[in-house]
Amino acid sequence: ADDPREAAALQAVALDLENQRVVRVDVERTRPRLRAFRSEAVRAQLSRMLTRFCKARGVSYKQGLNEVLAPFVAVALARAGALAPSEDEAEGVGGAADAAADDPLADMIALTPREEAACFAAFGAFASRFCPFFEDDEFVAMQCALALLRLLLLYHAPALCHRLDQ
């Protein structure tokens with residue numbers, strides 16, 4: 001996890017996936033109530049990690065991958081002492097987009113390149129082991145899981161299964 005080459009590769013990755021716009025939109029939607037995730041620097045790091053993941057595995061980006069990455073970034077930010085709740089988070093008040101505009105400290109939050117590389121390594125290992133469907137452009141693993149779920153429903157709740165089939 002402490003590979004300087006990976007840190008350099010993350011810093012240098014070109015944000016040029018075919019569906020990079022989807023990555024950008026998903027990154028903007030990732031944990032917007034947390035001050036750290038409103039930071040442009042953290043958003044840039046999320047974009048780099050998601051893009052590098054897809055390029056390294058030769059797959060296209062799939063929506064939802066940002067939500068798999070988010071807890072790893074949150075843990076890394078917390079370890080770095082950068083994940084303190086802002087006032088709107090502590091009080092449970094909405095308006096995260098407005099709060100971002102009024103929060104000059106938000107853009108000072110970021111992981112170091114070394115922390116970013118360690119976070120990326122942990123995320124990549126987790127995604128490969130527990131979310132293999134993100135690395136499969138045909139979603140074969142997910143199709144198999146859904147077919148198995150359908151069979152379980154057919155056995156245990158046939159009326160529900162038939163209703164869902166309609």
Expected output: side-chain [X] to main-chain [Y] donor-acceptor under 3.5 Å:
| X | Y | value |
| --- | --- | --- |
| Thr30 | Asp26 | yes |
| Lys62 | Ser60 | yes |
| Glu115 | Thr112 | yes |
| Arg31 | Ala70 | no |
| Gln20 | Leu17 | yes |
| Lys55 | Val13 | no |

Query raised in the report: Taking all atoms of both residues into account, what is the closest heavy-atom pair of Arg33 and Arg38, and its distance?
Result: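 That would be O-NH1, 3.4 Å.
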
Requested in this report: Taking all non-hydrogen atoms of both residues into account, name the closest pair between Ala110 and Val42 and its distance.
Outcome: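 That closest heavy-atom pairing would be CA-CG2, 3.9 Å.
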
Can you find a heavy atom in the side chain of [X] that is under 4.5 Å from one in the side chain of [Y]?
| X | Y | answer |
| --- | --- | --- |
| Ile109 | Leu77 | yes |
| Val75 | Pro71 | no |
| Arg24 | Arg43 | no |
| Val73 | Phe37 | yes |

So how far is it from [X] [atom1] to [Y] [atom2], rounded to the nearest 0.5 Å?
| X | Y | atom1 | atom2 | answer |
| --- | --- | --- | --- | --- |
| Cys131 | Leu69 | SG | CG | 11.5 Å |
| Arg163 | Leu160 | CZ | CG | 9.5 Å |
| Gln45 | Arg52 | CD | CZ | 15.0 Å |
| Cys54 | Asn19 | SG | CG | 7.0 Å |
| Leu10 | Glu116 | CG | CD | 5.0 Å |
| Leu149 | Leu154 | CG | CG | 11.0 Å |

**Report entry** Leu50 with Phe130, same ILVMFWY side-chain cluster at under 4.5 Å
**Finding:**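 Both belong to a single hydrophobic cluster.
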
Query raised in the report: Is there a chain of hydrophobic side chains (I, L, V, M, F, W, Y, each step under 4.5 Å between heavy atoms) that links Leu65 to Phe126?
Result: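 Yes; tracing contacts between hydrophobic side chains, which count when under 4.5 Å, links both residues.
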
Query raised in the report: Does a side chain donor of either Ser128 or Arg57 reach within less than 3.5 Å of an acceptor in the other side chain?
Result: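 Yes, side-chain donor-acceptor contact under 3.5 Å.
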
Query raised in the report: Can you say whether the rings of Phe53 and Phe120 are parallel (under 30°), tilted (30 to 60°) or perpendicular (over 60°)?
Result: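 Plane angle over 60°, so perpendicular.
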
